[in-house]
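Read through the structure below, which is laid out as structure tokens, and then see the notes.
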Amino acid sequence: MPELPEVETICKRLAPVLIGKTIQNIEVLREKSLQGLSTSIIGKKIVEVSRKAKLLDIKLSDSSHLLIHLKMTGQLIYQDQLQRLGGGHPTADWVDSLPSKHTRVIFRLSNHSTLFFNDMRVFGWIKHLSEEGASVEFSRYGPDIIDPAVTLEYIFSRFSKTSRPIKVVIMDSSIIAGVGNIYANDALNLAKIHPNKPANSLTQNETKELLDAMIEVINLGIKHGGATIGNFRNIDGFSGNYQTKVLVYQRENLACFNCAGIIKKTKIGGRGTFYCPNCQV
DNA sequence: AATTATGTTGCGGT
DNA sequence: AACCGCAACATAAT
């Protein structure tokens with residue numbers, strides 16, 4: 001499901017309700033979904049919840065980390081007693097029937113609260129890692145697109161080293177992290193750049209337009225609580241809203257908002273790609 | 001009913 | 001080494 005805005009949306013809501021709680025039990029309904037649990041996490045307290053790239057990072061009181069990657073269809077749904085008594089944040093109706101057939105791991109937490117990890121396609125994972133193990137995992141990623149470390153100089157230099165299509169390069173998480181298919185499509189449309197253009201053919205000006213556009217659409221995604229195209233849900237089970245703001249993603253044969261050209265669909269790097277042949281050159 | 005597509009990324013092969 | 005294509009899996013749409 002998620003790109004950076006979707007994981008950030010979950011992180012912001014999860015942090016305040018998880019921090020300070022103790023893990024009282026863990027139920028693993030699908031072994032593949034939970035890896036590396038060599039030491040017990042029962043009784044450990046959650047001290048920190050953050051996000052890096054598309055990874056959610058839950059730090060425990062013994063300095064170990066639970067890293068969660070939702071991949072295509074992962075969800076984290078939180079329930080507590082306050083909600084069940086009707087006094088908390090409202091939740092979507094379907095969360096009352098959890099666990100569902102797609103629930104893979106259940107964390108039972110203190111204060112009668114529960115965190116469900118649902119993942120239809122089972123690509124996602126939770127890994128229990130040491131501080132060093134978590135660092136290794138993070139080191140696979142370049143800086144987040146909204147990190148000030150992503151300067152024009154940095155991406156222009158990285159773009160200049162490859163002739164792969166620009167869309168493939170901005171989705172390469174070892175170069176910049178957090179730009180997935182929805183936002184890559186939209187950023188290229190906003191910057192009026194053809195997704196197939198070789199990365200090393202972009203001028204410095206075009207690169208700046210693209211950088212600004214990526215930051216803009218990612219921030220817009222965060223502002224609207226992520227995009228629910230398929231499985232993405234916030235921790236209360238409700239959808240995001242960015243899908244109503246998309247520029248080109250899944251808008252084949254509709255009019256481009258820049259120029260009223262007709263949006264076409266093609267495939268680049270094996271991924272569905274939407275662009276306006278009129279203004280994206 | 002079979003084929004194709006899906007928000008991610010890691011792998012094996014060139 | 002860079003790059004490409006596909007596999008991991010379940011489901012919905014055509």
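Keep in mind that the numbers below use all heavy atoms, side chains included, and drop hydrogens, waters and symmetry copies. Note on naming: letters A, B, ... go to the chains in the order of the sequence lines (proteins, then strands), and numbering restarts at 1 for each one.
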Over how many whole Å does the gap from A:Arg271 atom CZ to C:dG5 atom P extend?
14 Å
Can you check the A:Lys267 NZ to B:dT6 P distance for me, whole Å?
6 Å
Tell me if the NE2 atom of A:His89 is crowded by more than 12 foreign heavy atoms within 6.0 Å.
yes
Pull out every stem in DNA chain B, meaning runs of 3 or more consecutive Watson-Crick or G-U wobble pairs with both distances under 3.5 Å.
B:2-6 with C:10-14, B:8-14 with C:2-8
Separation of A:Glu6 atom CD from B:dT6 atom P, in whole Å?
16 Å
B:dA5 C1' sits how many Å from A:Asn181 CG, rounded?
12 Å
Quick check for you: among B:dG10, C:dC9, B:dT8, whose closest atom lies nearest to any side-chain atom of A:Met171?
B:dT8
B:dT9, B:dT8, B:dA5: which one has an atom nearest the side-chain heavy atoms of A:Lys265?
B:dA5
Which nucleotide in B:dT8, C:dT11, B:dT6 has an atom nearest any side-chain atom of A:Lys101:
C:dT11
Is the shortest side-chain N/O distance from A:His102 to OP1 or OP2 of C:dT11 below 4.0 Å?
yes
Please report the distance, rounded to the nearest Å, between CZ in A:Arg121 and P in B:dT4.
16 Å
Distance check: side-chain N/O of A:His69 vs OP1/OP2 of B:dT9, anything under 4.0 Å?
yes
Heavy atoms from C-beta onward define the side chain here; which of C:dC3, B:dT8, B:dG10 lies closest to that of A:Thr162?
C:dC3
Does C:dA8 have OP1 or OP2 sitting under 4.0 Å from an N or O in the side chain of A:Lys32?
no
Taking B:dT6, C:dC4, C:dT11 as options, the one with an atom nearest any side-chain atom of A:Arg164 is C:dC4
Ring pair (Phe, Tyr, Trp, His ring centres under 6.0 Å): which pairs involve residues 152-191 of chain A, sequence neighbours left out?
A:Tyr183-A:Tyr242
Quick one: which of B:dT9, C:dT11, C:dC9 gets closest to the side chain of A:Arg30?
C:dC9
Is the number of heavy atoms from other residues, nucleotides or ligands within 6.0 Å of NZ (A:Lys12) greater than 12?
yes
Phosphate oxygens OP1/OP2 of B:dT9: is one of them under 4.0 Å from a side-chain N or O of A:Lys54?
yes
Considering just the side-chain nitrogens and oxygens of A:Arg140, establish if one lies under 4.0 Å of OP1 or OP2 belonging to B:dG10.
yes
Decide whether a cation-pi geometry holds between A:Arg30 and A:Phe117; the criteria are a distance under 6.0 Å from NZ or CZ to the six-membered ring centre and an angle within 45° of the ring axis.
no
I want to confirm an ordering. Mapping A:Met120 and A:Trp125 to their closest nucleotides on DNA chain B, which one lands closer to the 5' end?
A:Met120
On the 0 to 90° scale, with breaks at 30° and 60°, tag the A:His69-A:Trp125 ring pair as parallel, tilted or perpendicular.
tilted
Send over the distance from A:Glu31 CD to C:dC9 P, rounded to a whole Å.
15 Å
A:Ile77: hydrophobic cluster co-members (side-chain, 4.5 Å)
A:Leu29, A:Trp94, A:Val95, A:Leu98, A:Ile106, A:Phe116
Nearest non-hydrogen partners of A:Asn278 and A:Cys259, listed with the distance
ND2-SG, 3.2 Å
Distance, rounded to the nearest Å, where A:Glu3 contributes CD and B:dT6 contributes C1'
12 Å
Without decimals, in angstroms, what is the distance between A:Asn185 CG and B:dA5 C1'?
14 Å
